[in-house]
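The structure appears below as structure tokens.
In what follows, chains carry the letters A, B, and so on, assigned in the order in which the sequence lines appear, proteins first and then strands, with residues in each chain numbered from 1. What you see below is based on every heavy atom in this structure, not just the backbone, and it leaves out hydrogens, waters and symmetry mates. Owing to the predicted nature of the structure, the values given are computational and were not obtained by experimental measurement.
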Amino acid sequence: MTNHEIARIFSRIADALEIKGENIFRVRAYRTAAQNIKALARQLEDVYRETPEKIGQLQGIGKDLSAKIAELIATGGLEYYEDLMKEFPEGFLSMLDLAGLGPKKLKKLHDELGIDNIAQLEKACRENKLETLEGMGPKTEIKLLEAISYYRGSEGRMLLPEAGEYAGQIVGYLLSSGLFEKVEIAGSLRRGKETVGDLDILTVAKNTEKAMDHFISYPLVGAVIARGTTKSSIKIKEGPQVDLRAVEKKAFGAALVYFTGSQQHNIRIRHLARKKGYKVNEYGVFSVGPRGRERRLKASTEEEVYKKIGMQWVPPELRESSGEIEAALDGKIPSDLVKESDIKGDLHLHTSETDGRAGLEEVMSAAEERGYKYIAITDHSQNVRIANGMDKKRLLRHLERIRKAAEKFKGLEVLAGCEVDMLENGKLDFGDEVLRELDIVIAAVHSKFNLDRKKQTDRYLRAMDNRFVNIIAHPSGRLITSRKALDLDLEKVFRKAAENRVFLEVNTHGQRIDLNDVNCRRAVELGAGVAINTDAHEPAQMDLLKYGVITARRGWVEKKDVLNTYSLSKLKKALKK
DNA sequence: GCCGTTTTCGGCCCGACTGTTTTCAGTCG
């Protein structure tokens, strides 16, 4: 049972209890627990197996919820949950995913109109049945019909790079108007989550009325969801919802904290502030005097807001309520989280020799343009036939060509390597007599994704015992929207990596982001290092590096933990082991 | 249901916008 599955069950329980009209704080407890569990760096199942009592020490998990987690892990099910679900028709709770429909209205629709599912809701809206209910009118029906159509056509959350593109375009549109003094991306995009739902943009506007009008007139707008003086929301045609908030300059810091989230992070910040006699909202930090009199304290930047509460500034990527609050209170926020400018080269690149699009020199000059000190050319090995993998003869010839082409690029060190396939039994696709000819060896799985946990893990461990292996590419094998991660004991893999000085890749290609944030964090905790690589198959993809960097930052990875921040001489030493 | 140098009981982050109201409940982030 994964953390995500446990979190989903808790959040379904929260939905169900809310509809039943249970104590809202009890509902919130389940919801908070679900969110905290999703943000954990370790799998609860692993924690439970080692030290079961640690479950109850987690933030927001007490006696009752730790017992429920134990039951889920031990039996794969939860009696309380299953009984609760029996009270609701199939598909009923998922109606809560409709925008504008919450537990209260849903309960009313069920109790008074007998609505059990989306199809019945749609029919009732079309027949104007909702208008017969108190508190609902014609607009409610229109909004719900829109929500239903959006829900059906919804592709869910975007991948991070796609969100980045949308945001870049809108920010450009806003800035070009001259109506804004400041425009800043906030929300999960600023935190660098691997998928993003809505886009959040925080602004300081010279004239909020004009600014809001400009925003809702964005050419690609499909619908205006809300239009207020400080807050408006639009839905982009075939794209995401975008929320824009305009605040005064002096409130910008507090507003940026608030609008960046995560929600759990905000709740804890405000809670801490309250204990100190302050109130924090998006307009600033206020001291609360006798008779509730409020006085604004100077806090126009994020740094000042955190300082007032008595803690260090927290980098946005860390704001997931997964230990950063405690660290910031103790002054223990990592001081040197890896930055894009720390990266001295890309160590996983393909060329047209196998399945890449560009030739050797094109790749090298792209690297030179990016100011890299070094790169590694790592085309596929023979077993990956679909990618036109090289046999021994072709590889040796390729190495020669790489070294020859590299002579033209004086300031760039080019390592001649290979992405060597990891065979089912953990042997590599080439023997040691070939591997020793390479400057760098990346081992990777491209087939047999469905081995059982023991076999898959042994496959990795054996490959990492080969003394020539430097990097494990895309270790978990997952593709965010299409392929599950391999069934793998990552704890063992990370420990072995630390022991044998094998680096684990943070691969930014396509839908990978692999390792992901929580795995990065655990790998580094266990003493392993990472390498942030693009696995680019054409030079433009080398730009995706920033998403690997942000993911590593979310995993609390510092510069010293990252192989490709090393100087050339240190890199070469590390590769020789 | 969780949590505690104000509390083991009584709190639980905080505010904007909408639609249906005539002062507010519901929803959202």
Side-chain angles (χ1 to χ4, degrees), chain A residues 10 13-15 17-19 21-36 56-69 80 95-109 130-144 146-147 186-188 191 196-202 208 212 216 224-234 241-247 251 254-255 257-286 288 294 309 321 325:
Chain A
F10 281 179
I13 292 175
D15 290 342
L17 294 178
E18 196 168 8
I19 288 174
E22 287 276 348
N23 180 328
I24 192 64
F25 297 108
R26 187 170 169 232
V27 172
R28 194 183 290 175
Y30 276 99
R31 213 154 261 156
T32 304
Q35 269 157 347
N36 289 348
Q57 292 162 14
L58 294 166
Q59 185 72 42
I61 312 254
K63 218 171 127 191
D64 185 276
L65 291 185
S66 58
K68 287 193 165 71
I69 290 170
Y80 173 71
M95 279 198 279
L96 285 172
D97 293 337
L98 294 170
L101 188 59
K104 296 272 168 52
K105 280 192 206 162
L106 186 53
K107 182 170 174 10
K108 187 172 243 181
L109 290 169
L130 271 60
E131 293 170 39
T132 60
L133 303 183
E134 194 180 338
M136 300 198 203
K139 289 230 176 153
T140 316
E141 287 163 346
I142 292 168
K143 290 264 169 186
L144 281 177
E146 276 172 9
S188 53
R191 302 201 308 280
V196 175
D198 301 341
L199 300 182
D200 300 304
I201 301 176
L202 181 66
T208 54
M212 287 299 175
I216 64 171
V224 176
I225 296 165
R227 197 285 190 199
T229 52
T230 65
K231 183 184 164 184
S232 295
S233 299
I234 59 173
Q241 180 176 326
V242 187
D243 298 338
L244 181 137
R245 191 84 185 241
V247 298
V257 172
Y258 156 71
F259 222 25
T260 298
S262 66
Q263 198 179 16
Q264 286 304 308
H265 179 86
N266 287 347
I267 288 173
R268 296 204 55 203
I269 292 283
R270 291 175 178 196
H271 189 73
L272 282 169
R274 193 173 246 269
K275 280 204 282 191
K276 287 190 164 266
Y278 296 150
K279 188 176 82 169
V280 173
N281 57 27
E282 56 265 55
Y283 299 109
V285 181
F286 302 86
V288 184
E294 292 178 3
I309 306 168
S321 188
I325 304 267

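- Nucleic acid contact class of A:Arg274 (heavy atoms, under 4.0 Å, all strands): sugar-phosphate only.
- Residue A:Ile269 is classed as having no contact, given no heavy-atom separation below 4.0 Å to the nucleic acid.
- In the set B:dG1, B:dG15, B:dG29, B:dG1 carries the atom at the smallest distance from any side-chain atom of A:Phe25.
- A 3.5 Å limit on both hydrogen-bonding distances identifies no Watson-Crick or G-U partner for B:dT8.
- Ranking B:dG29, B:dG15, B:dG1 by closeness to the A:Gln263 side chain, first place goes to B:dG29.
- B:dG15 and B:dG10 are spaced 26 Å apart, taking the P atom of each and rounding to whole Å.
- The phosphate of B:dC12 (OP1 or OP2) has no side-chain N or O of A:Arg26 nearer than 4.0 angstrom.
- Using a 4.5 Å heavy-atom threshold, the side chains of A:Leu199 and A:Gln241 count as separate.
- Listed nucleotides: B:dT5, B:dT18, B:dC13. Nearest to the side chain of A:Lys275: B:dT5.
- If you check every strand for non-hydrogen atoms under 4.0 Å, A:Val27 touches nothing.
- For A:Lys231, whose side chain is taken as the heavy atoms from C-beta onward, the closest listed nucleotide among B:dG1, B:dC14, B:dC17 is B:dC17.
- The residue A:Asn266 sits apart from the nucleic acid: no heavy atom pair falls under 4.0 Å.
- Between A:Met136 and A:Leu109, the closest side-chain pair of non-hydrogen atoms falls below 4.5 Å.
- When each of B:dC13, B:dG19, B:dT27 is scored by its nearest atom to the side-chain atoms of A:Pro103, the top-ranked nucleotide is B:dT27.
- Residues A:Thr230 and A:Arg245 are in side-chain contact: their nearest non-hydrogen atoms beyond the backbone lie under 4.5 Å apart.
- Counting to the nearest Å, the C1' atom of B:dG29 and the CG atom of A:Asn281 are 14 Å from each other.
- No engagement by A:Ala33 is indicated, since no non-hydrogen atom pair under 4.0 Å with the nucleic acid exists.
- As judged by a 4.0 angstrom heavy-atom cut-off over every strand, A:Thr229 is placed among residues touching the sugar-phosphate backbone only.
- Applying the 4.0 Å criterion to OP1 and OP2 of B:dT20, one finds that A:Thr140 has a side-chain N or O inside that range.
- Phosphate proximity of B:dC13 to A:Arg270: absent, as no side-chain N or O sits under 4.0 Å from OP1 or OP2.
- In this structure, A:Lys68 satisfies the cation-pi test against A:Tyr80, with its NZ or CZ atom closer than 6.0 Å to the six-membered ring centre and inside 45 degrees of the ring normal.
- Counting non-hydrogen atoms under 4.0 angstrom, A:Glu282 reaches the backbone sugars and phosphates but no base.
- Among the heavy atoms of the strands, none lies under 4.0 Å from A:Leu272.
- Nucleic acid contact for A:Leu101: sugar-phosphate only, since backbone atoms but no base atoms lie under 4.0 Å from a heavy atom of the residue.
- In this structure, A:Tyr258 reaches the bases: a heavy-atom distance under 4.0 Å links it to at least one base atom across the strands shown.
- In the set B:dG1, B:dC17, B:dT20, the nucleotide with an atom closest to the side chain of A:Ala29 is B:dG1.
- For A:Lys279, the listed nucleotide lying nearest its side chain is B:dC14; candidates were B:dC14, B:dT20, B:dG29.
- You'll find that the side chain of A:Lys104 is closest to B:dT27, out of B:dA16, B:dT27, B:dG29.
- Between A:Lys143 and B:dT27 there is no side-chain N or O to OP1 or OP2 distance below 4.0 Å.
- Dashed line: the shortest gap from a side-chain N or O of A:Tyr283 to OP1 or OP2 of B:dC14 is not under 4.0 Å.
- Heavy atoms of A:Leu96 sit nowhere under 4.0 angstrom from any nucleic acid atom.
- Among the atoms of the strands shown, base atoms are found under 4.0 Å from some heavy atom of A:Asn23.
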